[in-house]
Amino acid sequence: GENVEQHPSTLSVQEGDSAVIKCTYSDSASNYFPWYKQELGKRPQLIIDIRSNVGEKKDQRIAVTLNKTAKHFSLHITETQPEDSAVYFCAAIYWGGADGLTFGKGTHLIIQP
Amino acid sequence: EAEVAQSPRYKITEKSQAVAFWCDPISGHATLYWYRQILGQGPELLVQFQDESVVDDSQLPKDRFSAERLKGVDSTLKIQPAELGDSAMYLCASSRGRGTDTQYFGPGTRLTVL
């Protein structure tokens, strides 16, 4: 099945700086890659996603890039703010007959004031 | 905006007891998922429904877990008997269709097995 690796597990940045979280996936058939943000005790919420026919997607301070050849995708957050502090999960769809997301282990992003 | 509803939010039980979790997806969403999230890890799929049919339950421990979505709307996940290792957050998600449709998550049920 699909396997998603996510790095780093913890990322601490100064407020206003940029943060980058990286994920790799194993199944070249995967074609949908969402990113979820989960604040402590709350539900995961989709923040951005990318499909395999696109190399980059932006939404205000958030961007995702996809390299299908290398099978990796990254989340970029610019001008970080305290409310960006949370756990971020990358995920991939494994087209093995079902559509359940395969998640990475998560990155705890800490924004230092 | 519409959200996925789950109940209860918290459940404490003793091992060997039976527990049940309920999920009400966003209206009109045909696909429903149950995920288990162990503390410090990403969610892992347990079972997926398309309407009332099971699409994938390959990761569901069928000796003790069962799931149903009888009328293709709300769903129940049951564990009997519960074991210590079942302590986790149980998340329900729904999407309009299959494939690359966005999955929306509920608030989860935090299960603690003593």
Side-chain angles (χ1 to χ4, degrees), chain A residues 1-10 21 23-25 27 29-54 57 59 64 66 73 75 86-108, chain B residues 1-7 9-10 21 23-26 29-51 53-60 67 88-110 112:
Chain A
E2 175 65 281
N3 183 50
V4 176
E5 299 284 341
Q6 182 172 349
H7 300 281
S9 57
T10 303
I21 302 170
C23 290
T24 60
Y25 60 99
D27 190 345
S30 291
N31 64 355
Y32 175 62
F33 308 92
W35 286 87
Y36 284 83
K37 174 183 180 182
Q38 188 174 28
E39 297 177 61
L40 189 62
K42 296 190 176 181
R43 72 188 75 196
Q45 292 200 306
L46 180 74
I47 56 171
I48 196 166
D49 58 13
I50 191 167
R51 288 166 172 75
S52 59
N53 59 345
V54 175
K57 183 177 178 180
D59 183 4
V64 57
L66 172 65
F73 56 113
L75 177 71
V87 178
Y88 291 80
F89 292 97
C90 62
I93 286 285
Y94 168 54
W95 288 101
D99 310 310
L101 292 167
T102 299
F103 285 85
K105 291 188 181 301
T107 296
H108 185 194
Chain B
E1 77 188 14
E3 293 185 332
V4 177
Q6 289 187 249
S7 67
R9 295 292 310 278
Y10 303 91
F21 314 133
C23 172
D24 191 14
I26 294 172
H29 281 196
T31 310
L32 184 147
Y33 310 80
W34 283 100
Y35 290 87
R36 177 170 59 186
Q37 185 177 24
I38 297 171
L39 193 63
Q41 297 186 21
E44 294 180 317
L45 181 71
L46 291 174
V47 61
Q48 177 189 348
F49 290 92
Q50 180 69 22
D51 299 311
S53 300
V54 173
V55 173
D56 180 16
D57 63 357
S58 58
Q59 300 304 310
L60 189 70
M89 175 75 83
Y90 290 82
L91 292 161
C92 178
S94 72
S95 62
R96 187 168 300 281
R98 294 182 60 178
T100 61
D101 280 0
T102 299
Q103 294 184 27
Y104 297 90
F105 283 82
T109 296
R110 169 73 66 189
T112 301

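Just so you know, these numbers use all the heavy atoms, side chains as well, and skip hydrogens, waters and symmetry mates. It should be emphasised that the depicted structure is a prediction, and the values quoted were computed from it without experimental measurement. In what follows, chains carry the letters A, B, and so on, assigned in the order in which the sequence lines appear, proteins first and then strands, with residues in each chain numbered from 1.
- Within 6.0 Å of the OH atom in B/Tyr104, the count of heavy atoms belonging to other residues, nucleotides or ligands does not exceed 12.
- Contacts between A/Gln45 and chain B at a heavy-atom distance below 4.5 Å are absent for every atom of the residue.
- Contacts of B/Arg110 with chain A are absent, with no heavy-atom separation under 4.5 Å from either backbone or side chain.
- Closest heavy-atom contact between A/Gly100 and B/Leu45: CA-CD2, 3.5 Å.
- Residue A/Pro34 does not touch chain B at all, counting heavy-atom pairs closer than 4.5 Å.
- Environment of CZ in B/Arg96: sparse, with no more than 12 heavy atoms of neighbouring residues, nucleotides or ligands closer than 6.0 Å.
- The 12-atom threshold is not exceeded at CD of B/Glu44, counting heavy atoms of other residues, nucleotides or ligands nearer than 6.0 Å.
- The closest side-chain heavy-atom distance from B/Gln37 to A/Gln38 is below 4.5 Å.
- Looking at residues two or more places apart in sequence or on another chain, you find a side chain to side chain contact (heavy atoms under 4.5 Å, CB included) between B/Ser58 and B/Asp56.
- For A/Arg43 against B/Pro107, the heavy-atom pair with the smallest separation is NH2-CD, 3.6 Å.
- When all heavy atoms of A/Leu101 and B/Tyr35 are compared, the closest pair comes out as N-OH, 2.9 Å.
- Two residues are said to be in side-chain contact when any heavy atoms from C-beta on lie closer than 4.5 Å; A/Tyr36 and B/Gln103 meet this criterion.
- A/Tyr32 contributes atom OH, which lies 4.0 Å from atom OG1 of B/Thr102 (distance to the nearest 0.5 angstrom).
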